[in-house]
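Here's the structure we're looking at; comments come further down.
Just follow the structure's listing: the first ligand is 1, and inside any ligand the first atom is 1. All values derive from a computational prediction rather than experimental measurement.
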Amino acid sequence: MENTEKKKKILSCIQPTGTPTLGNYLGALKNWKALEDDFDAAYAVADLHAITVRQEPQQFRKQIIEAYALLLSIGLSPEKSIVFVQSHVPTHAQLAWILNCYTQFGEMSRMTQFKDKSRSHADNINVGLFSYPVLMAADILLYQADFVPVGADQKQHLEIARDIASRFNGMYGNVFTIPEPYIPKAGARIMSLQDPAKKMSKSDENTKSFISMLDKPETIMKKMRSAVTDSEASVRFDEELKPGVSNLMNIYSCCTGLDHEQIEKDFAGKGYGDFKTAVGEAVVEELRPIRENFEMYMKDQAMLKEMMTKGADIATRISQRTLDKTMKKIGYVLK
Ligand code: ATP
Ligand code: LTN
């Protein structure tokens with residue numbers, strides 16, 4: 001029997017600010033693939049967000065194409081989901097402007113990502129960096145997303161999107177679906193391999209702190225071996241006292257499906273050397289098919305361009321409906 005029940009909608013994006021890391025994969029991308037069958041999904045490369053920090057033009061162009069190819073490489077299917085590049089769909093910037101005028105300066109000032117990034121990019125604290133969450137709200141609300149699969153670091157931005165949507169609905173009637181975060185239980189916050197107090201980030205200057213999704217097996221094993229642990233030499237989960245080992249346990253658990261208890265049992269009496277080798281090998285196997293797919297997609301740039309265009313056309317058609325509805329409510333004269 002045909003399933004006539006309407007599927008719920010999800011939307012998520014990733015910035016093309018460097019090769020995505022194992023943190024991006026376990027916290028977000030892996031989930032995107034898993035949700036594709038049960039939801040109407042839209043996934044985008046958030047290249048408008050990316051220029052809130054300076055990008056070198058040639059490198060930026062390459063990163064946008066690579067990020068798109070990587071989305072296909074994790075197995076997202078353009079037949080099932082809409083996969084597109086944000087800047088190809090003009091409604092995002094248009095709705096973002098409108099929502100800027102429905103967002104208070106005070107509420108934006110509390111955003112921790114803004115505070116962190118203005119510290120790390122002190123020479124370029126631009127207005128885009130400040131209103132970044134408003135553009136993110138526009139991304140989400142345009143597609144009437146019910147859920148937004150992201151890592152834990154994006155929770156605050158999701159709350160702002162919900163606040164903006166509720167406020168707008170309160171003034172004009174039901175225009176936007178109120179989105180909910182969809183944060184995985186395991187993998188929501190993968191930490192830096194060199195400083196487990198910080199999240200693993202692709203823009204970290206210390207390349208030993210992250211595993212890139214396209215790192216070669218030798219590189220992954222090397223980075224794993226140099227991961228910071230502690231002097232106790234026992235594989236035990238304790239995020240406060242043993243943040244380095246606990247982070248490796250989380251990674252291992254996401255890649256193998258084993259829970260912490262089982263991992264502790266399997267490595268009882270063994271040293272960190274054995275454990276790091278096992279984690280490294282599990283990561284290598286998890287990422288191997290993705291890297292192979294990526295190499296294949298990157299060989300056919302014409303096909304990538306064609307897929308981008310198709311994705312953008314569908315995204316434009318869907319999001320235009322929400323933009324029109326929003327503008328009509330405000331009193332704009334539609335052409
Ligand atoms: P940057 O490091 O350039 O600030 P980022 O990696 O934090 O970028 P995005 O590329 O926009 O940011 O993140 C894409 C997705 O990956 C988001 O859903 C985010 O929550 C998730 N994510 C990012 N870092 C981690 C992490 N260390 N652990 C789990 N999920 C993460
Ligand atoms: N800010 C997000 C990236 C992003 C996003 C979105 C995520 C931009 N627009 C819409 C979910 C929904 C981040 O992960 N750093």
Find all protein N or O atoms under 3.5 angstrom from an N or O atom of ligand 2 and list the pairs with distances, or write 'none'.
| unit_1 | atom_1 | unit_2 | atom_2 | d |
| --- | --- | --- | --- | --- |
| ligand 2 | 1 (N) | Tyr132 | OH | 2.6 |
| ligand 2 | 1 (N) | Gln154 | OE1 | 3.1 |
| ligand 2 | 9 (N) | Asp139 | OD2 | 2.6 |
| ligand 2 | 15 (N) | Tyr132 | OH | 3.2 |
| ligand 2 | 15 (N) | Gln154 | NE2 | 3.1 |

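- Side-chain atoms of Ser319 and Thr91 include a donor-acceptor pair closer than 3.5 Å.
- Between Asp153 atom CG and Gln113 atom CD the span is 7.0 Å, to the nearest 0.5 Å.
- Taking a 6.0 Å sphere around CD of Glu205, one finds it holds 12 or fewer heavy atoms contributed by other residues, nucleotides or ligands.
- Between Leu214 and Leu70 the shortest side-chain heavy-atom distance falls below 4.5 Å.
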Ligand 1: which protein N/O atoms lie under 3.5 Å from its N/O atoms?
| unit_1 | atom_1 | unit_2 | atom_2 | d |
| --- | --- | --- | --- | --- |
| ligand 1 | 2 (O) | Ser201 | OG | 2.5 |
| ligand 1 | 2 (O) | Ser203 | OG | 3.0 |
| ligand 1 | 3 (O) | Thr17 | OG1 | 3.0 |
| ligand 1 | 3 (O) | Ser203 | OG | 3.1 |
| ligand 1 | 4 (O) | Lys117 | NZ | 2.5 |
| ligand 1 | 6 (O) | Asn24 | ND2 | 2.9 |
| ligand 1 | 6 (O) | Lys202 | NZ | 3.4 |
| ligand 1 | 7 (O) | Lys199 | NZ | 2.4 |
| ligand 1 | 8 (O) | Lys202 | NZ | 3.1 |
| ligand 1 | 10 (O) | Gln15 | N | 3.4 |
| ligand 1 | 10 (O) | Lys202 | NZ | 2.5 |
| ligand 1 | 11 (O) | Gln15 | N | 3.4 |
| ligand 1 | 11 (O) | Gln15 | NE2 | 3.4 |
| ligand 1 | 13 (O) | Asn24 | ND2 | 3.4 |
| ligand 1 | 16 (O) | Asn24 | ND2 | 3.0 |
| ligand 1 | 18 (O) | Gly151 | N | 3.2 |
| ligand 1 | 20 (O) | Gly151 | N | 2.8 |
| ligand 1 | 20 (O) | Asp153 | OD1 | 2.5 |
| ligand 1 | 27 (N) | Ile190 | O | 2.7 |
| ligand 1 | 27 (N) | Met200 | N | 3.4 |
| ligand 1 | 27 (N) | Met200 | O | 3.0 |
| ligand 1 | 28 (N) | Ile190 | N | 2.8 |
| ligand 1 | 30 (N) | Gly23 | O | 3.2 |

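- Side-chain contact check for Glu36 and Ser81: at least one donor-acceptor pair (N or O, by modelled atom type) lies under 3.5 Å.
- Between the Tyr252 side chain and the Ala282 main chain, no donor and acceptor come within less than 3.5 Å of each other.
- A side-chain donor-acceptor contact under 3.5 Å links Asn124 and Asn126.
- Ion pairing between a basic and an acidic side chain is recognised when a charged N comes within 4.0 Å of a carboxylate O; Asp37 and Lys80 show such pairing.
- A continuous path of hydrophobic side-chain contacts links Tyr172 to Leu323 [ILVMFWY only; heavy atoms under 4.5 Å].
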